[in-house]
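Here is the structure we will look at, set down as structure tokens.
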Amino acid sequence: MTSEAVPLGGPRFQTEPACLYREMRRDHGSVVPVELDGGIPAWLVLGYRELHQVTGDPVLFSRDSELWNQWENIPEDWPLLPMIGHRQPSILYTVGERHRQRAAMISNALEAVDPFELRRQSERFADELIDTVCLSGEADLVAQYSSLLPVRVLAHLYGFPDDEGPELVTALNDMIDGRERALAGQSHLASAMARLVADRAEKPADDVVSRMLADDSGFTGEEIVQDLMVMMAAGHQPTADWIGNSLRLMLTDDRFAASLFGGRNSVAEAMNEVLWEDTPTQNVAGRWAARDTHLGGRRVRAGDLLLLGLQGANSDPQVRTDASTLTGGNNAHFSFGHGEHRCPFPAQEIAEVIARTGIEVVLDRLPDIDLAVPAGSLTRRPSPWLRGLTELPVRFTSTPALGGTSR
């Protein structure tokens with residue numbers, strides 16, 4: 001094995017990540033030395049067994065980012081700061097009993113969402129978006145649909161006015177992409193959340209924010225603002241990419257052709273296949289070693305950052321011995337995380353309802369849908385963190401808009 005660190009960035013994360021992860025595993029093993037922006041060192045955990053160990057031991061591999069031994073080397077304008085918070089009072093970096101209380105507050109607020117109302121709102125927003133393109137016979141299902149749908153549904157559940165959705169989409173995408181507008185996007189989202197929390201503190205309603213504020217665990221308004229930002233970021237872009245990646249699979253893979261002609265059972269199968277093979281959240285920051293230890297044959301120092309290589313672990317050949325075989329209903333993937341910091345189950349359910357509804361509305365509303373470009377020309381965002389299409393151009397037979405009528 002070589003010891004040279006691999007830059008965590010560049011075009012290969014966009015064009016051929018599966019091949020890149022295989023090469024990393026071949027050259028470095030299951031725990032890979034990597035470099036973040038500015039030459040900051042970290043470990044990328046690609047082994048399924050090793051990732052299970054890291055996420056299952058919150059004492060040795062802590063979520064407390066204050067343990068990081070690189071903070072003195074991090075500039076104030078570092079573009080990954082929205083992804084790796086410093087002294088950020090959110091659930092992401094809370095540990096122990098306080099984390100469990102916080103996770104319960106969030107889970108309870110989300111679990112109270114009426115599943116029938118969630119489906120209805122998802123259909124309403126999806127139909128409104130399809131109405132804007134259905135007459136033209138062509139559309140970009142990323143820019144005009146999937147990148148807009150989840151945040152509109154989530155904003156409604158949280159209590160935002162519907163007209164604030166577009167600006168929230170822009171801010172979220174800027175923040176998550178980790179580029180020059182990342183900090184500005186984070187600032188806009190924080191301001192919007194703070195205004196909503198202040199408003200609901202005075203005028204409670206039947207929404208997620210009001211239920212979080214009513215919790216008796218004693219969390220401050222600022223803590224709730226931070227948690228809402230985490231929930232919005234984690235709930236929007238991965239779900240948008242789940243929709244886009246699933247539609248791409250159904251449009252390009254003959255195994256899912258029935259999905260395009262009324263075979264709704266294969267929609268769920270395609271969605272699950274994406275979570276294994278093309279998961280929206282590729283890599284996550286992260287965990288910090290609480291003391292010197294060994295992992296996957298590597299000497300990990302106290303304070304080292306370990307990045308969770310979710311896609312790498314999902315494709316670990318020790319787990320996926322035959323990657324050509326469909327996964328069926330197997331959901332032992334890492335796409336929602338693992339351990340006490342995994343995505344809360346009610347949040348997973350909400351994401352699945354939004355994604356599945358979004359896909360089914362497309363298939364119901366746009367007959368004869370087909371790719372408008374060669375499959376090989378589809379490109380991805382150049383991000384090592386989230387994997388989604390930059391565009392998904394399709395064509396279809398022109399159909400009338402619903403105009404707000406029920407289907």
Side-chain angles (χ1 to χ4, degrees), residues 79 82-83 90 110 113 118 121-134 139-197 199 207-209 225-248 280-282 343 347 350-359 361-362 379-383 385-394:
M83 305 284 289
S90 79
L110 295 176
V113 172
L118 172 61
Q121 293 298 336
S122 298
E123 286 186 347
R124 176 170 74 91
F125 286 119
D127 278 328
E128 287 181 6
L129 292 170
I130 295 297
D131 275 357
T132 66
V133 300
C134 61
D140 175 359
L141 290 182
V142 169
Q144 295 174 288
Y145 188 70
S146 68
S147 68
L148 305 176
L149 178 61
V151 71
R152 293 189 69 179
V153 179
L154 293 172
H156 179 84
L157 295 180
Y158 293 174
F160 280 106
D162 289 346
D163 59 5
E164 290 196 33
E167 289 188 352
L168 290 173
V169 169
T170 300
L172 277 169
N173 288 339
D174 287 344
M175 184 179 82
I176 292 169
D177 280 347
R179 294 180 173 277
E180 61 275 0
R181 290 194 52 79
L183 295 177
Q186 183 184 40
S187 177
H188 177 92
L189 187 61
S191 297
M193 290 297 181
R195 289 194 303 271
L196 179 61
V197 168
D199 181 68
D207 54 39
V208 169
V209 171
V225 166
Q226 293 291 333
D227 286 353
L228 287 166
M229 291 176 63
V230 169
M231 292 160 61
M232 185 72 87
H236 167 62
Q237 193 61 57
T239 306
D241 290 337
W242 197 6
I243 295 171
N245 293 354
S246 298
L247 286 169
R248 183 206 64 82
T281 304
Q282 295 272 302
C343 179
I350 289 172
E352 183 172 1
V353 169
I354 295 172
R356 181 161 184 165
T357 302
I359 293 167
V361 168
V362 167
T379 60
R380 310 288 187 138
R381 289 193 311 275
S383 170
W385 310 104
L386 295 177
R387 179 163 171 79
L389 294 162
T390 57
E391 59 181 4
L392 184 60
V394 296

message: Once salt bridge (Lys or Arg N to Asp or Glu O under 4.0 Å) is applied, do any residues pair with D140, and if so which ones, sequence neighbours excluded?
response: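 Listed in chain order: nothing, the list is empty.
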- prompt: Which residues pass the side chain to side chain contact (heavy atoms under 4.5 Å, CB included) test with D162, sequence neighbours left out?
  reply: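 Here the qualifying residues are R124, F125, H156.
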field: With T379 via side chain to side chain contact (heavy atoms under 4.5 Å, CB included) - residues at least two apart
entry: Q14, T390
task: Check each of I243, L129, I130 against V362 using the side-chain contact (heavy atoms from CB on, under 4.5 Å) test, and report the only one that passes.
output: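 That would be I130; it is the only one of I243, L129, I130 passing the side-chain contact (heavy atoms from CB on, under 4.5 Å) with V362.
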message: If I compare all heavy atoms of L228 with all of V209, which pair ends up nearest, and what's the gap?
response: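 Closest pair (atom of L228, atom of V209, distance): CD1-CG2, 3.6 Å.
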message: To check you understand the geometry: which heavy-atom pair defines the closest contact between I354 and L149, and what is its length?
response: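 Result for this residue pair: O-CD2, 4.2 Å.
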task: Can you establish whether the number of heavy atoms outside E128 located under 6.0 Å from its atom CD is more than 12?
output: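 More than 12 within 6.0 Å, yes.
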- prompt: Backbone N or O of L183 within a donor-acceptor pair of the S187 side chain at under 3.5 Å?
  reply: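 Side chain of S187 to backbone of L183, a donor-acceptor pair under 3.5 Å: no, none is there.
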- prompt: Short question: side chain of Y145, backbone of G358 - any donor-acceptor pair under 3.5 Å?
  reply: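 Checked: pair present.
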Are the side chains of [X] and [Y] in touch, meaning some heavy atoms are under 4.5 Å apart?
{"X": "R248", "Y": "V142", "result": "no"}
{"X": "F160", "Y": "M193", "result": "yes"}
{"X": "Q237", "Y": "D241", "result": "yes"}

